[in-house]
Amino acid sequence: MPGGSEGEGDILSMASDLPFLGPRQAMELQEFNRKPRHNVSRTLGELLQRVGDSTNDSSPPSHQVFEVDHDHVYQPASMPFVLSFHNLTYSVEVRRKIIPSCLRRTSANGSSRNVMEDQSGTKVLLDDISGEAREGEIMAVLGASGSGKSTLIDALADRISRESLKGTINLNGEMLESKLLKVISAYVMQDDLLFPMLTVEETLMFSAEFRLPRSMSKSRKKARVQALIDQLGLLTAAKTVIGDEGHRGVSGGERRRVSIGTDIIHDPILLFLDEPTSGLDSTSAYMVVKVLQRIAQSGSIVIMSIHQPSYRILSLLDRLIILSRGHTLFSGSPTTLPRFFSEYGHPIPANEDMTEFSLDYIRELEGTPEGTKSLVDFNKSWQMKNPRISHTNGPRLSLKDAISASISMGKLVSGSTNVDSNLSSSVPRFANPFWIEVHVIAKRSITNSRRAPELFGVRFGAVLVTGFILATIFRKLDNTPKGVQERLGFFAFAMSTTFYTCAEAIPVFLLQRYIFMRETAYNAYRLSSYVVSHALLSLPSLLVLSLAFAVITYWAVGLAGGASGFLFFLTFIFASFWAGSSFVTFLSGVIFNVMMAYTLVVAILAYFVLFSGLFISRDRIPPYWIWFHYLSLVKYPFQGVLQNEFEDPSKCFVRGIQVFDNSPLRTVPDEIKLKLLKSMSTTLGMNITSSTCLTTGSDILKQSGVTDIDKWHCLWITIALGFFFRILFYFALLFGSKNKRK
């Protein structure tokens with residue numbers, strides 16, 4: 001019936017607008033609204049629907065509290081997603097350590113050995129780990145520090161090179177390709193990597209603009225963000241900035257929930273989290289895991305590592321894997337943990353916390369000569385006796401059909417409407433086209449920088465102070481030989497300072513580096529979009545700096561050329577800032593430490609200045625160093641502005657007796673200088689008077705050795721070097737910002 005199809009379309013629209021709400025839940029909501037239902041717990045979908053209804057209501061908003069039935073058990077779809085992994089083994093090469101015999105442990109056969117390293121010099125981080133995680137459940141990986149928790153999460157999230165990781169990882173029985181995994185999953189790092197000056201709402205909204213397709217309207221994206229804010233329990237903090245050390249912002253628990261929200265806005269099928277409760281108090285940690293439970297119950301697989309969960313958090317977990325030095329000591333439901341240790345022979349006392357007892361006992365076993373071998377062996381036999389019962393009815397869907405069904409039910413909002421046989425290509429790798437990504441990245445950076453203008457303010461202040469000092473020291477230079485030397489000194493300092501002030505741009509990318517790595521690891525946007533946006537965003541600030549410096553110095557110093565000369569001088573200053581900024585940006589993509597990057601930038605710029613021709617003419621540079629002269633970034637703008645200043649052939653800089661100004665004869669009276677000129681005229685066979693022009697601008701350019709390349713080619717080369725270093729920055733990110741272990 002037409003009415004039925006229209007209603008179904010409304011349900012699908014509703015499902016795509018609100019996170020964690022599929023048509024199955026939406027249909028239940030419609031039924032829920034038609035007639036009263038008693039003794040039925042409200043699902044997450046119902047809560048989100050009520051949030052949506054309240055946003056559409058024209059009446060004044062009122063605070064509402066929704067009760068959630070904690071006894072409600074999630075009923076998965078008849079054929080849910082199942083992530084299974086078998087025999088995962090991962091080891092790394094380590095340096096051999098010389099361990100005193102008194103510190104070596106003795107094995108059962110009496111031979112001393114180092115338990116952390118085998119005889120081949122490798123350290124096993126994962127040893128034959130198997131298990132499975134299901135839709136609607138939270139699987140938690142427990143263990144002490146160094147047990148392999150984060151390594152297992154990284155292995156499942158494809159953050160370990162496939163060549164190094166042994167074993168298989170399947171989703172619904174099919175091999176999971178890296179490209180597809182990036183599209184259908186999200187990874188929340190242990191550190192909260194967020195822009196400090198954005199509000200909670202802005203952070204999630206920018207994430208929505210990255211993750212959600214262009215076909216979804218702005219209003220629908222905003223409604224989705226508002227529903228997610230409510231679901232994350234962040235309504236009171238929505239307008240608060242994230243904050244950092246210098247700016248007060250949200251609490252640690254709220255920041256962690258925002259981090260989770262940025263990665264689940266598109267409703268991924270798989271969600272990996274590395275110790276999401278680390279550093280939080282018990283209440284905040286419980287709220288975070290409660291959010292994860294709701295995400296799982298919306299039809300996702302949630303896998304996280306956790307150090308030592310509290311009793312309340314343990315009640316939210318569906319499956320545990322306890323690790324010790326890469327070995328599985330327990331795998332199963334938390335409710336079976338007491339029976340497991342009871343059958344092992346070490347029952348958990350009645351008033352003892354289960355996980356605390358388990359981890360403490362495991363720590364004791366790790367200190368014994370045999371280690372945890374007996375518990376590892378017992379776990380294997382216990383798993384054989386107690387296989388996990390499957391709750392699925394009927395045959396399991398293929399991965400293609402499962403993803404297609406999931407998309408049709410409102411999950412994995414990526415703009416795809418169907419899934420063909422090639423899963424990796426049918427689900428879009430990126431939600432938006434290139435130009436939208438560039439716009440959103442730029443908009444976010446501008447919003448964040450506008451609220452923390454200190455970095456640009458310091459750089460702008462440095463340019464103003466430098467320009468003011470140069471304008472007052474080199475004020476109104478004349479065209480005498482001394483004026484020529486002073487002009488050369490002005491250009492030398494001005495061009496070198498232009499590049500040195502670019503060093504202050506080093507922290508710009510380094511402060512955002514790990515945010516960039518987190519977002520690009522799971523296809524929030526293209527790497528090229530970030531590089532282009534980063535470059536375009538720098539241009540307005542560079543233009544402001546260039547204009548300020550040129551206006552302050554050009555007319556105050558008395559440079560030649562008039563309006564056209566000023567425009568060319570301004571263009572060269574801008575090109576110098578562009579090339580210097582690009583060079584510094586490239587180095588910040590290669591060097592990860594701020595202090596090391598500063599040291600390297602200052603050193604390399606010093607070499608550029610040395611070989612640029614400022615201090616030694618090109619003709620005087622030794623042949624074995626001439627290659628560095630042409631590599632110098634400072635050479636081309638310095639040479640260009642000199643040609644712009646001295647290119648007028650009609651302008652004279654040394655006349656008659658001025659030829660003696662740069663010699664010991666400068667103190668001799670003018671009458672004697674005129675007699676010397678007459679003597680020189682007789683000797684040279686030419687008439688030299690006090691008004692005879694002896695040195696023009698062309699002569700100065702030849703003496704300075706800056707005539708090998710004309711000024712226009714110098715300008716294009718300077719601009720091209722800026723683009724060249726931006727391209728190098730792209731490749732530095734491409735090869736240096738991978739989130740995979742080798």
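For the numbers below, each heavy atom of this structure counts, side chains included, while hydrogens, waters and symmetry mates do not.
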*asked:* I'd like to know whether Ser215 forms a side-chain contact (heavy atoms from CB on, under 4.5 Å) with Arg220, so could you lay out the CA-CA distance, the side-chain angles of the two residues, the decisive distance to 0.1 Å, and finally the verdict.
replied: CA-CA 10 Å; Ser215 58; Arg220 291 173 62 190; over 6 Å; no
_Any side-chain heavy-atom pair of Leu733 and Tyr530 under 4.5 Å_ = yes
_Can you confirm whether Phe731 is buried at CZ, in the sense that more than 12 heavy atoms of other residues, nucleotides or ligands lie under 6.0 Å from that atom?_
no
*asked:* Less than 4.0 angstrom from a charged side-chain N to a carboxylate O is my criterion; do Asp708 and Lys635 meet it?
replied: yes
_Within-4.5 Å side-chain heavy-atom neighbours: Thr553 and Phe569_ = yes
*Fit a plane to each ring of Phe516 and Tyr525, take the angle between them on a 0 to 90° scale, and name the class: parallel (under 30°), tilted (30 to 60°) or perpendicular (over 60°).*
tilted
*Evaluate the criterion side-chain contact (heavy atoms from CB on, under 4.5 Å) for residue pair Phe615 and Val609; output intermediate values, then yes/no.*
CA-CA 8 Å; Phe615 303 107; Val609 172; 3.4 Å; yes
*asked:* Donor-acceptor check, side chain of Asp263 to backbone of Ile260, threshold 3.5 angstrom: yes or no?
replied: no
*Quick one: does NZ or CZ of Arg726 land under 6.0 Å from the six-membered ring centre of Phe586, within 45 degrees of the ring axis?*
no
*Has Lys711 got its NZ or CZ under 6.0 Å from the middle of the six-membered ring of Phe568, at an angle within 45 degrees of the ring axis?*
yes
*asked:* Taking Asp191's backbone N and O only, do any of them form a donor-acceptor pair with Tyr514's side chain (distance below 3.5 Å, no angle check)?
replied: no
*Taking side chain as C-beta onward, heavy atoms only, is Phe729 less than 4.5 Å from Ser582?*
no
_Polar side-chain atom of Asn432 near backbone of Leu212 as donor-acceptor pair, under 3.5 Å_ = yes
_What verdict does the side-chain contact (heavy atoms from CB on, under 4.5 Å) test give for Phe434 and Ser528, after you've listed the backbone C-alpha separation in whole Å, the side-chain angles of each residue and the deciding distance to 0.1 Å?_
CA-CA 8 Å; Phe434 169 82; Ser528 57; 3.7 Å; yes
_Separation of Phe638 CZ from Ser576 OG (nearest 0.5 Å)_ = 12.0 Å
_Suppose the criterion is side-chain hydrogen bond (donor to acceptor under 3.5 Å, both in side chains): which pairs have a residue in residues 611-625, not counting sequence neighbours?_
none
*Atom of Ile719, atom of Trp578 and distance for their closest heavy-atom approach*: O-NE1, 3.1 Å
*Is the count of non-hydrogen atoms from other residues, nucleotides or ligands lying under 6.0 Å from His439 atom NE2 greater than 12?*
no
_If you compare all heavy atoms of Val590 against all heavy atoms of Ala732, which two are closest, and at what distance to 0.1 Å?_
CG2-CB, 3.9 Å
*Quick one: closest heavy-atom pair of Ile552 and Ala471, and the distance?*
O-CB, 3.5 Å
*Please find out if less than 6.0 Å separates the ring center of Phe493 from that of Phe474.*
no
*asked:* Quick check: do Leu547 and Phe574 have side-chain heavy atoms less than 4.5 Å from each other?
replied: no
*With sequence neighbours excluded, give me every disulfide bond (SG atoms under 2.5 Å apart) pair touching residues 431-512.*
none
*Return yes if some donor-acceptor pair links the side-chain N/O of Ser259 with the main-chain N/O of Arg255 below 3.5 Å, else return no.*
yes
*Which of these passes ring-ring contact (aromatic ring centres under 6.0 Å, His included) with Phe583: Phe725, Phe724, Phe577?*
Phe725
*Where Met189 and Leu193 come nearest, the two heavy atoms and their spacing*: SD-CD1, 3.5 Å
*Pair Val258-Asp192, side-chain contact (heavy atoms from CB on, under 4.5 Å): steps then yes or no*: CA-CA 8 Å; Val258 175; Asp192 300 319; over 6 Å; no
*For Phe468, does the CZ atom have more than 12 heavy-atom neighbours from other residues, nucleotides or ligands under 6.0 Å away?*
no
*asked:* Going by the rule ring-ring contact (aromatic ring centres under 6.0 Å, His included), which residues pair with Phe499 if we only count those two or more places apart in sequence or in a different chain?
replied: none
*asked:* I'd like to check Leu545 versus Phe549 (side-chain heavy atoms, cut-off strictly below 4.5 Å). Are they in contact?
replied: no
*More than 12 foreign heavy atoms under 6.0 Å from OH of Tyr607: is that the case here?*
no
_Contact list for residues 629-708, test disulfide bond (SG atoms under 2.5 Å apart), sequence neighbours left out_ = Cys652-Cys693
*More than 12 heavy atoms of other residues, nucleotides or ligands under 6.0 Å from CZ of Phe628: is that the case?*
yes
*Show your working on salt bridge (Lys or Arg N to Asp or Glu O under 4.0 Å) between Glu201 and Lys239 and close with a plain yes or no.*
CA-CA 6 Å; Glu201 184 178 10; Lys239 301 297 183 181; 2.5 Å; yes
*Which value, rounded to the nearest 0.5 Å, describes the distance between Trp716 atom CH2 and Asp710 atom CG?*
11.5 Å
_Within the structure provided, determine whether Asp244 and His247 are in side-chain contact (heavy-atom separation under 4.5 Å)._
yes
*Contact list for residues 440-465, test side-chain hydrogen bond (donor to acceptor under 3.5 Å, both in side chains), sequence neighbours left out*: Glu202-Arg451, Arg444-Glu519
_Let me confirm one number: the CD1-CG distance from Ile441 to Leu537, rounded to the nearest 0.5 Å._
10.0 Å
_Keeping Ser632 on the side-chain end and His629 on the backbone end, is there a donor-acceptor pair under 3.5 Å?_
no
*Report yes if the side chains of Ile506 and Leu587 come closer than 4.5 Å at any heavy-atom pair, otherwise no.*
no
*asked:* Nearest 0.5 angstrom please: Leu510 CG to Phe592 CZ, how far?
replied: 9.0 Å
*Determine whether Thr707 and Gln643 make a side-chain contact, defined as any pair of heavy atoms from C-beta on separated by less than 4.5 Å.*
no
*asked:* For the backbone of Ala494 and the side chain of Thr497, can you confirm whether one donor and one acceptor N or O come within less than 3.5 Å of each other?
replied: no
*List the atom of Thr695, the atom of Ile700, and the distance in Å for their closest heavy-atom pair.*
CG2-CG1, 3.9 Å
*Return yes if some donor-acceptor pair links the side-chain N/O of Ser588 with the main-chain N/O of Thr585 below 3.5 Å, else return no.*
yes
_Rounded to the nearest 0.5 Å, what separates atom CG in Leu734 from atom CG in Leu728?_
12.5 Å
_Using the side chain to side chain contact (heavy atoms under 4.5 Å, CB included) definition, which of the options Val250, Ile242, Val200 pairs with Leu194?_
Ile242
*What are the two closest non-hydrogen atoms of Thr240 and Gly249, and how far apart are they?*
CG2-C, 4.1 Å
*For atom NZ of Lys651, decide whether the heavy atoms of other residues, nucleotides or ligands shown that lie under 6.0 angstrom number more than 12.*
yes
*Look up atom CG in Asp158 and atom OG in Ser178, then write down how far apart they are to the nearest 0.5 Å.*
3.5 Å
_Within residues 485-494 or reaching into it, pairs that qualify as side-chain hydrogen bond (donor to acceptor under 3.5 Å, both in side chains) - sequence neighbours excluded_ = Arg487-Glu645
*Ignoring hydrogens and angles, tell me if any N or O in the side chain of Gln512 forms a donor-acceptor pair with the backbone of Phe509 under 3.5 Å.*
no
*Side chain Glu254, main chain Ala237, donor-acceptor under 3.5 Å*: no
*Just wondering, more than 12 heavy atoms not from His713 lying within 6.0 Å of its NE2?*
no
